[in-house]
Every structure is written in C-alpha cells, then in structure tokens.
Peer 1: 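Before we start, here is the structure in question, set down as structure tokens.
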Amino acid sequence: MIGALVGLVLGAFGTWAATHFSGRLRASTGRGLVDRMLEEARGQAEGMRRQAELAAREETLQRRQVLEAEVDESRKALRDHERRLEKRGDLLDQQLELLSKKERDLDEVGRAQTEKEAQIAAGRREVARLEERRLEELQRVGGLSVEEARRLLMTRLEDELKAEAGERILRHEAHVREGCRDRAVEVLAVAIQRFAAAHTAEVTVSTVDIPNDEMKGRIIGREGRNIRAFEKATGVDVVVDDTPGVVIVTGFDSVRREVAKLALERLIQDGRIHPSRIEEIVRDTQDELDQHILKVGRDAAREADVVGLHEKVLDYLGKLKFRTSYSQNVLRHSIEVAFLTGMMAEEIGLDGALGRRCGLLHDIGKAADHEMEGGHPSVGAELLRRYGEGKEVVHAALGHHDDLRLDAPYTVLVAAADAISASRPGARRETLEKYVRRLEELESLALGFPGVEQAYAIQAGREVRVIVDSQQLDDASSAALCRDIAKAIQAQLTYPGEVKVTVLRESRSVEYAR
C-alpha cells in the first residue's frame with residue numbers, strides 16, 4: 001500500500017511536473033514568438049519609416065529642383081526684360097537727342113530764313129527804287145512817257161513777228177501744198193465712195209432681166225405711175241431704155257439698190273404691177289433683206305470666230321456685204337483683216353481672239369458713215385463704244401489709218417493687216433490692172449526671143465516659165481536663153497523682189513506599132 005501510495009504520489013508528482021514544465025515551456029516559447037514578431041514588426045515599421053523618409057526627401061528634392069528651375073527661368077526673363085528696357089531707354093535717349101538737334105537746326109533755319117526774307121525784301125525795295133530811277137532817266141533822255149515807250153515797243157515786236165511769220169509761211173508753203181494735194185486726193189476718193197457717186201457702174205448699177213420687152217411697158221405703167229411709185233418706195237432710179245431684155249436699177253445706197261432689184265424681180269415674176277402691190281412687195285422685201293443682213297453678220301462673226309457681238313453690231317456687219325471700197329467687198333476684206341490680225345497677234349504673244357475682233361470690226365463705220373458725221377474711223381469708233389466694245393477694239397477702228405500709238409499694238413496690227421489685204425494682187429481695181437499688165441509684160445518679153453513656143457507668168461509675177469522648141473534649141477542654148485531672158489527682165493521691167501525664170505525643153509519621139 002505504502003509502495004502503491006508512494007508510486008501513486010510519484011506518478012501524480014511526475015504528471016504534475018510534466019504538465020507544469022510543459023506549460024511553462026509552451027509559455028516561454030509563445031513569449032519568444034511574440035517577441036520575435038514584435039521585433040520583426042518593429043523592424044518592418046522602421047524600414048517603412050525610412051523608406052517614407054527617403055521618398056519624402058526625394059520628392060522634396062525634385063520639387064526644390066523644379067522650383068529652382070522656375071526661379072532661374074523667371075530670373076532669366078527678368079534679366080532679358082531689363083536688357084530690352086535698357087535698350088529702349090537708350091533708343092529713346094537717342095531719339096530725344098536727335099529731336100533736340102532737329103529743333104535746334106530748325107530754329108537756325110528759321111532764323112536764316114527770316115534773315116533771307118528780310119534781305120529779299122530789302123533787295124526788292126532797292127530794285128523798285130532803281131527801276132523808278134531808270135524809268136525817270138529813260139523818260140528824261142528819250143522824251144517819252146511810259147505809255148508811249150510801251151506802244152513803241154509793242155509796235156516793233158508786232159513788226160518783227162509779222163516778218164518772222166511771213167518767212168515761215170514762205171519756207172513751208174511748198175511742203176504744205178504737196179501735203180494738201182495728197183490729202184485732197186485721199187479725201188476725194190473717200191467722199192466719192194461714201195456718197196456713191198457714179199465713178200463706176202459696177203457699184204451703183206444693177207440689172208434685172210425681163211422676159212420680154214412688153215414687160216417694160218407694164219413696169220412704167222399708165223402715164224408712168226408704176227415706175228414713179230416704185231422709185232418713191234425704194235429710193236432708187238429705174239432706167240428703162242432700148243437695151244433688150246434688161247431693166248437697169250441705179251442708186252448710190254447699195255442696200256436700197258438690192259431691195260429694189262429683189263422687189264422688181266418679184267413683181268416681174270408675180271405679174272401684178274400696180275402702186276399698192278409695189279408698196280407691199282417692197283415692204284416685204286425690205287423685211288426679208290433686214291433678216292438676211294442680220295444672218296450675214298452672224299455668219300461673218302462665226303467665220304471669224306468672234307463671239308459676244310451686240311445684235312446691232314451684227315446688223316451693221318451684215319450691211320458691209322453691200323459696201324465696196326475700190327471694187328473690194330468690205331465684208332470679205334474685214335474677215336480677211338480679222339484672220340491676218342489674229343495670226344500676227346498670236347505670233348508676237350498677244351491675244352489672237354482680241355486681234356480677230358479688232359480686225360473684223362475695224363471698218364464697221366463704213367456701214368453707217370452716211371448716217372453720222374465724220375469719217376468712217378470716227379463713226380465706227382463711236383458705234384463700237386456705244387455698243388460696249390473694249391478700248392482696244394474702239395481704238396483699232398479709230399486709228400487704223402493714222403494716229404498709230406506704240407501703246408496700242410492691236411491698232412498697229414490692224415493697220416498692217418488692212419494694208420496687206422488692200423495691196424494683195426487683184427484685191428482692188430487699181431492693183432488688179434497693174435498686176436495683169438505686169439504679167440502680160442513678162443509673157444510678151446519672153447515670147448519675143450527666138451525658139452520660144454509658150455511663156456506663162458505664175459506666182460503673181462514672181463516666176464516665168466518658158467517652153468522652147470526642142471528642134472531649134474539644144475540644152476546649152478536653152479541655158480543661155482534663160483540667162484538672156486533674166487537679163488532682159490532686169491533691164492526693161494520694174495518689179496518688186498525678184499523674178500525666177502525657168503526654161504523647159506522637152507524631146508519626144510513618137511512611133512506607132514501597126
């Protein structure tokens with residue numbers, strides 16, 4: 001029992017000791033863990049505090065650097081502004097100094113001007129005093145008053161001027177006479193054409209064919225009432241003479257003459273010829289001709305490639321079809337001048353369309369020069385100005401015969417094209433006669449040489465082709481003949497430029513196979 005009790009006590013003590021020591025061991029172990037965790041937490045907190053301090057220091061450093069950069073930039077801007085202000089101040093000081101100098105100079109100039117004015121006034125007073133003394137001396141020596149001396153001087157000047165004017169008149173009288181003669185010829189030619197005097201039947205007379213001579217009596221009418229009504233309605237003269245098969249219509253106005261010709265042809269075709277019918281036919285014909293004239297004007301503008309013309313200008317342009325100048329149709333002449341002017345304008349770098357417009361309208365005044373005062377250039381310029389044409393076109397119409405200014409190139413081109421068109425071989429009657437006569441002289445001269453069978457003048461008289469008899473002349477003789485003809489032309493004829501002589505010799509052998 002005691003042993004059991006002792007064992008029990010020892011077991012209980014062992015149990016208690018084990019439990020007590022294990023609890024203390026666990027307690028000590030827990031406290032160590034807590035201490036270690038606290039120590040680690042303190043270490044982490046210290047590390048975080050140090051990192052926060054470092055981050056705050058870095059941020060503070062960065063902000064300080066930014067602020068220092070802004071401060072430096074502001075200081076730099078302030079220094080630049082101060083330097084500009086200093087320069088501006090220096091410039092203002094210089095300007096003030098310059099203004100002060102100018103004021104001093106102006107004061108000196110003013111004083112000098114005042115002194116000069118005083119000197120001039122004194123000089124004028126002295127001149128006036130000396131002039132009075134001179135006049136008094138002249139009056140005393142010459143015994144003449146001022147008015148008498150003035151009259152004597154004026155009389156002497158008038159005599160000298162009259163003598164000088166007489167000398168000038170005598171010196172230029174011959175030159176003026178020659179110029180007046182040339183101008184008179186030109187004025188007469190233009191006036192004759194404008195008023196359509198009977199200088200040629202071709203431009204004042206139209207013929208109307210009639211079926212038989214009995215129609216002449218119907219045209220005249222009882223006691224001449226039909227022909228009088230016709231002449232009154234058309235404004236032309238009707239000549240019924242012994243010429244078989246025709247009636248002559250004559251008038252100075254080409255448009256009226258055309259109306260009369262067409263109306264008379266209609267009356268003859270209709271057969272009813274009496275005053276009321278005559279008036280009706282003439283009125284209808286006039287209306288139709290007006291439409292025809294407008295159509296002719298439009299066709300001419302279209303042919304010359306000119307657009308935008310006023311309808312009244314087109315009407316005047318169509319009337320040029322019935323106008324001639326030295327037998328040259330003015331409308332065809334105007335179209336030719338339009339093309340020539342346009343080509344020359346394009347060649348020198350100007351506007352070809354404007355050149356054609358100037359050339360087409362340069363003679364538009366000839367369609368209305370009998371309705372308005374002045375020559376056809378001034379009449380045409382006034383019409384074109386009235387209907388809205390440009391200054392180049394107006395001046396081309398006004399100055400294509402004279403008043404050629406260097407600042408009006410289109411006018412110069414129109415004048416050149418006008419001269420070219422008028423001087424073409426065969427364009428006008430005078431030129432045609434000279435042209436034909438020159439060709440005949442060339443052919444006659446070549447035909448006068450022995451052995452020549454045929455001679456033809458070609459290329460407007462710039463070349464002569466001679467055909468010789470191959471039986472009479474050989475090749476060597478033909479070459480000599482060519483040289484002889486060229487020398488004869490050079491010695492006997494007058495011609496522009498040069499004339500080419502070509503001799504043709506042909507040998508032919510003909511046989512027949514039977």
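Residue numbers count from 1 along this sequence. Values reported hereafter were calculated over all heavy atoms of this structure, with side chains retained and with hydrogens, waters and symmetry mates removed.
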Peer 1: Would you find more than 12 non-hydrogen atoms of other residues, nucleotides or ligands less than 6.0 Å from E347 atom CD?
Peer 2: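 At most 12 heavy atoms, drawn from other residues, nucleotides or ligands, come within 6.0 Å of this atom.
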Peer 1: Less than 4.0 Å between a side-chain N and a carboxylate O, is that true for E103 and K101?
Peer 2: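 Salt bridge: no.
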Peer 1: At their closest point, which heavy atom of L340 faces which heavy atom of A417, and how far apart are they?
Peer 2: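 L340 and A417 have their closest heavy atoms at CB-CB, 3.6 Å.
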Peer 1: Check whether any side-chain heavy atom of L442 sits under 4.5 Å from a side-chain heavy atom of L493, and report yes or no.
Peer 2: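 Yes - at least one pair of side-chain heavy atoms lies under 4.5 Å apart.
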Peer 1: Tell me whether N329 contacts the main-chain N or O of K321 through its side chain, where contact means a donor paired with an acceptor under 3.5 Å.
Peer 2: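 Between the backbone of K321 and the side chain of N329 there is a qualifying donor-acceptor contact (under 3.5 Å).
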Peer 1: Evaluate the side chain to side chain contact (heavy atoms under 4.5 Å, CB included) criterion for residues V282 and L267: first the C-alpha distance (whole Å), next the side-chain angles of each, then the deciding distance (0.1 Å), finally the verdict.
Peer 2: CA-CA 9 Å; V282 169; L267 287 170; 5.7 Å; no
Peer 1: Calculate, to the nearest 0.5 Å, the distance between atoms CZ and OG belonging to R323 and S334 respectively.
Peer 2: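 Reported to 0.5 Å precision, the distance equals 11.0 Å.
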Peer 1: So do R266 and D284 actually touch side chain to side chain, heavy atoms under 4.5 Å?
Peer 2: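 Yes, side chains in contact.
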Peer 1: Are R302 and D299 close enough for a salt bridge, meaning some N to O gap below 4.0 Å?
Peer 2: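 Counted as a salt bridge, because a side-chain N and a carboxylate O are separated by less than 4.0 Å.
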Peer 1: Between N226 (side chain only) and R218 (backbone N and O only), is there a donor and an acceptor less than 3.5 Å apart?
Peer 2: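 Yes, N226 side chain to R218 backbone: donor-acceptor pair under 3.5 Å.
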Peer 1: Report yes if some heavy atom in the side chain of L383 is under 4.5 Å from a heavy atom in the side chain of R386; otherwise report no.
Peer 2: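 Result yes, sub-4.5 Å side-chain heavy-atom pair found.
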Peer 1: Mind listing the closest non-hydrogen atom pair of G297 and L317 along with its distance?
Peer 2: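 Looks like O-CD2, 3.7 Å.
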Peer 1: Of all the heavy-atom pairs spanning V394 and R385, show the shortest one and how long it is.
Peer 2: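 Scanning both residues, the minimum pair turns out to be CG1-NH2, 3.4 Å.
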Peer 1: Exactly one of R298, K319, E258 should register a side chain to side chain contact (heavy atoms under 4.5 Å, CB included) with I293. Which one does?
Peer 2: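 Between I293 and the candidates, side chain to side chain contact (heavy atoms under 4.5 Å, CB included) is satisfied uniquely by K319.
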Peer 1: Applying side chain to side chain donor-acceptor pair (under 3.5 Å) to D418 and H333, what does each step give before you reach the verdict?
Peer 2: CA-CA 8 Å; D418 182 59; H333 163 73; 2.6 Å; yes
Peer 1: In the structure I gave you, are the side-chain heavy atoms of L504 and V466 within less than 4.5 Å of one another anywhere?
Peer 2: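 Not in contact.
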Peer 1: Specify the closest pair of heavy atoms between Y410 and A345, including all atoms of both residues, with the distance to one decimal.
Peer 2: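 Looks like CE2-CB, 4.4 Å.
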Peer 1: After noting the C-alpha distance and the side-chain angles of R356 and T341, does the key distance pass the side chain to side chain contact (heavy atoms under 4.5 Å, CB included) rule?
Peer 2: CA-CA 6 Å; R356 288 193 300 273; T341 306; over 6 Å; no
Peer 1: Apply side chain to side chain contact (heavy atoms under 4.5 Å, CB included) to residues D270 and I281 and explain how you reach the verdict.
Peer 2: CA-CA 10 Å; D270 183 61; I281 291 293; 5.7 Å; no
Peer 1: Start with the C-alpha distance between E231 and R228, add both sets of side-chain angles, then the distance that settles salt bridge (charged side-chain N to carboxylate O under 4.0 Å, His left out), and finish with yes or no.
Peer 2: CA-CA 5 Å; E231 291 178 347; R228 285 197 299 271; over 6 Å; no
Peer 1: Identify the heavy atoms of R505 and D475 that sit nearest to each other, and give their distance.
Peer 2: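 Smallest interatomic distance, heavy atoms only, reads NH1-OD1, 2.9 Å.
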Peer 1: K87 vs D90, test: salt bridge (charged side-chain N to carboxylate O under 4.0 Å, His left out). Steps then yes/no.
Peer 2: CA-CA 5 Å; K87 291 182 179 179; D90 295 339; over 6 Å; no
Peer 1: If you measure from NZ on K261 to CD1 on I248, what distance do you get to the nearest 0.5 Å?
Peer 2: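 So the gap between those two atoms works out to 12.5 Å.
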Peer 1: Rounded to the nearest 0.5 Å, what separates atom OG in S478 from atom CZ in R483?
Peer 2: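 With rounding to 0.5 Å, OG (S478) is 11.5 Å from CZ (R483).
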Peer 1: Does L320 reach the side chain of Y316, with side-chain heavy atoms less than 4.5 Å apart?
Peer 2: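 Result no, sub-4.5 Å side-chain heavy-atom pair not found.
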Peer 1: Do V468 and L481 have side chains that approach each other closer than 4.5 Å (heavy atoms only, starting at C-beta)?
Peer 2: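 The answer is yes, as the side chains (C-beta and beyond) meet within the 4.5 Å cut-off.
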Peer 1: Can D474 and S477 be said to form a side chain to side chain donor-acceptor pair (under 3.5 Å), step by step?
Peer 2: CA-CA 5 Å; D474 55 11; S477 301; 2.7 Å; yes
Peer 1: For residues D290 and Q286, is any side-chain donor paired with an opposing acceptor at under 3.5 Å?
Peer 2: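 Yes.
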Peer 1: Evaluate side chain to side chain contact (heavy atoms under 4.5 Å, CB included) for L309 paired with R357, printing each intermediate quantity in order.
Peer 2: CA-CA 9 Å; L309 293 178; R357 196 181 194 92; 3.4 Å; yes
Peer 1: Side chains of E443 and V464: does their closest heavy-atom pair fall under 4.5 Å?
Peer 2: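 No, their side chains stay 4.5 Å or more apart.
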Peer 1: Could you tell me whether E280 and R283 make a salt bridge, using a distance below 4.0 angstrom between a side-chain N and a carboxylate O?
Peer 2: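 Salt bridge flag = no for R283 with E280.
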Peer 1: For R277, I'd like to know if atom CZ has over 12 heavy atoms of other residues, nucleotides or ligands within 6.0 Å.
Peer 2: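 More than 12 heavy atoms, drawn from other residues, nucleotides or ligands, come within 6.0 Å of this atom.
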Peer 1: Which value, rounded to the nearest 0.5 Å, describes the distance between I220 atom CD1 and I273 atom CD1?
Peer 2: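 Here the interatomic distance stands at 10.5 Å.
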Peer 1: CG of L350 to CG of L413: how many Å apart, nearest 0.5 Å?
Peer 2: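 Answer for the CG-CG pair, L350 versus L413, is 6.5 Å.
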Peer 1: Would you name the heavy atoms of F449 and A488 that are closest together and state the gap between them?
Peer 2: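 Looking at all heavy atoms of both residues, the shortest contact is CZ-CB, 3.9 Å.
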Peer 1: Salt bridge check: are K232 and E279 linked by an N-O gap of less than 4.0 Å?
Peer 2: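 No, no charged N to carboxylate O under 4.0 Å.
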Peer 1: Does the separation of the ring centres of H376 and H362 fall below 6.0 angstrom?
Peer 2: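 That pair fails the under 6.0 Å test.
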Peer 1: Within this structure, what is the CG-CD distance for the pair L331 and E336, rounded to the nearest 0.5 Å?
Peer 2: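 That separation rounds to 12.0 Å.
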Peer 1: Any salt bridge linking E303 with R332? Criterion: basic side-chain nitrogen under 4.0 Å from a carboxylate oxygen.
Peer 2: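 Yes, charged N to carboxylate O under 4.0 Å.
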Peer 1: Would you find more than 12 non-hydrogen atoms of other residues, nucleotides or ligands less than 6.0 Å from E117 atom CD?
Peer 2: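 Result for CD/E117: enclosed.
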Peer 1: State whether the side chain of R465 and the backbone N or O of Y456 hold a donor-acceptor pair below 3.5 Å, judged by distance alone.
Peer 2: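 No, the answer is negative, given that no donor and acceptor are paired below the 3.5 Å cut-off.
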Peer 1: Can you confirm whether E214 is buried at CD, in the sense that more than 12 heavy atoms of other residues, nucleotides or ligands lie under 6.0 Å from that atom?
Peer 2: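 It does not: E214 CD has 12 such atoms or fewer within range.
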Peer 1: Taking side chain as C-beta onward, heavy atoms only, is L294 less than 4.5 Å from E311?
Peer 2: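 Result yes, sub-4.5 Å side-chain heavy-atom pair found.
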